[in-house]
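One is the number of the first residue; the rest follow in order along the sequence. Treat the numbers as computed from the prediction; the structure is a model and nothing was measured.
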Amino acid sequence: MDRAELSITLHRTGDEAVLRLAGEIDMLTAAQLSTVVNEVLAEPPPRIVLDMGGVTFCDSQGLGTLVVLSRKASHAQSLLVLSNVGDFLLRVLEITGLRSALMIRNETAP
């Protein structure tokens with residue numbers, strides 16, 4: 001069994017930090033995501049965008065981490081936004097009732 005991998009690329013613009021995620025968000029990688037978001041929250045931008053376009057899997061630990069990070073961002077006067085959320089993850093968020101707990105911004109491709 002391969003170990004789960006998650007790569008995170010951070011880009012800062014004027015009013016937002018964009019984290020491009022690729023791989024799996026699960027019990028092995030959720031702490032890595034938390035660490036990066038917590039570092040960004042040290043000097044919180046108005047918006048933190050998690051680009052989920054490259055996420056291939058997200059387990060219950062990953063879902064819980066997203067909710068916790070959203071709350072932490074809110075307490076830091078920042079908004080955590082998920083973008084490019086795939087159909088599978090959207091369905092999981094709806095089934096679990098977490099879709100309403102997270103800000104989701106899916107742009108439609110031109």
Side-chain angles (χ1 to χ4, degrees):
M1 186 167 145
D2 290 338
R3 187 188 184 307
E5 295 284 327
L6 178 67
S7 75
I8 303 172
T9 310
L10 172 64
H11 294 285
R12 285 186 184 261
T13 61
D15 62 349
E16 66 184 21
V18 178
L19 282 72
R20 286 190 186 7
L21 309 180
E24 301 182 3
I25 304 173
D26 62 14
M27 59 186 256
L28 298 174
T29 63
Q32 176 188 352
L33 177 58
S34 291
T35 299
V36 174
V37 172
N38 286 329
E39 288 170 2
V40 170
L41 287 173
E43 292 181 36
R47 222 171 15 260
I48 300 170
V49 178
L50 299 184
D51 183 339
M52 308 289 283
V55 173
T56 56
F57 178 79
C58 185
D59 71 2
S60 59
Q61 180 84 29
L63 294 173
T65 299
L66 293 174
V67 172
V68 167
L69 292 175
S70 180
R71 289 190 183 133
K72 279 188 175 180
S74 180
H75 288 304
Q77 313 292 296
S78 187
L79 180 64
L80 185 82
V81 179
L82 306 184
S83 72
N84 299 317
V85 180
D87 291 340
F88 173 75
L89 186 52
L90 275 176
R91 183 159 160 70
V92 170
L93 291 171
E94 289 202 13
I95 290 169
T96 58
L98 292 175
R99 184 165 184 173
S100 60
L102 298 166
M103 175 74 64
I104 298 172
R105 181 183 74 196
N106 272 358
E107 289 92 11
T108 52

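In this structure, the side chains of R105 and L82 stay at 4.5 Å or more apart for every pair of heavy atoms. Side-chain contact between E5 and T29 is absent, with no heavy-atom pair separated by less than 4.5 Å. A 4.5 Å side-chain heavy-atom check between E24 and L6 finds every atom pair outside the cut-off.
Distance check, rounded to the nearest 0.5 Å: OG of S34 to NZ of K72 gives 6.0 Å. Distance OG/S83 to CE/M103: 12.5 Å, rounded to 0.5 Å.
Every residue meeting the side-chain contact (heavy atoms from CB on, under 4.5 Å) condition with T35, not counting sequence neighbours, appears here in chain and number order: E39.
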Would you mind writing out the side-chain donor-acceptor pairs for residues 45-70 within the sub-3.5 Å range, not counting sequence neighbours?
from: R47; atom 1: NE; to: E16; atom 2: OE1; distance (Å): 2.8
from: R47; atom 1: NH2; to: D15; atom 2: OD2; distance (Å): 3.2
from: R47; atom 1: NH2; to: E16; atom 2: OE1; distance (Å): 3.1
from: D51; atom 1: OD1; to: G53; atom 2: N; distance (Å): 3.0
from: D51; atom 1: OD1; to: N84; atom 2: ND2; distance (Å): 3.0
from: D51; atom 1: OD2; to: N84; atom 2: ND2; distance (Å): 3.3
from: T56; atom 1: OG1; to: G23; atom 2: O; distance (Å): 3.3
from: D59; atom 1: OD1; to: Q61; atom 2: N; distance (Å): 3.0
from: D59; atom 1: OD1; to: G62; atom 2: N; distance (Å): 2.9
from: D59; atom 1: OD2; to: M27; atom 2: N; distance (Å): 3.3
from: T65; atom 1: OG1; to: Q61; atom 2: O; distance (Å): 2.8

Donor-acceptor pairs are to be reported for all side-chain atoms of residues 90-97 against protein atoms at under 3.5 Å, with residues two or more places apart or in another chain.
from: E94; atom 1: OE2; to: R99; atom 2: NH1; distance (Å): 2.5
from: T96; atom 1: OG1; to: V92; atom 2: O; distance (Å): 2.8
from: T96; atom 1: OG1; to: L93; atom 2: O; distance (Å): 3.2

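I8 and V37 fall within a single hydrophobic cluster, where Ile, Leu, Val, Met, Phe, Trp and Tyr are joined by side-chain heavy atoms under 4.5 Å apart, directly or via other members. I25 and I104 fall within the same hydrophobic cluster, defined by Ile, Leu, Val, Met, Phe, Trp and Tyr side-chain heavy atoms under 4.5 Å apart, directly or through other members. Tracing side-chain contacts under 4.5 Å through hydrophobic residues (I, L, V, M, F, W, Y), one reaches L98 starting from L89; they form part of the same cluster. Under the 4.5 Å side-chain heavy-atom criterion for ILVMFWY residues, a single connected hydrophobic cluster contains both L102 and L19.
By the neighbour-count criterion of 12 heavy atoms within 6.0 Å, atom CZ of R12 is densely surrounded, having more than that number from other residues, nucleotides or ligands.
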Check your understanding: Would S78 and L41 count as a side chain to side chain contact (heavy atoms under 4.5 Å, CB included) if you check the C-alpha gap in whole Å, the side-chain angles of each, and the deciding distance to 0.1 Å?
Key -> CA-CA 8 Å; S78 187; L41 287 173; 4.2 Å; yes

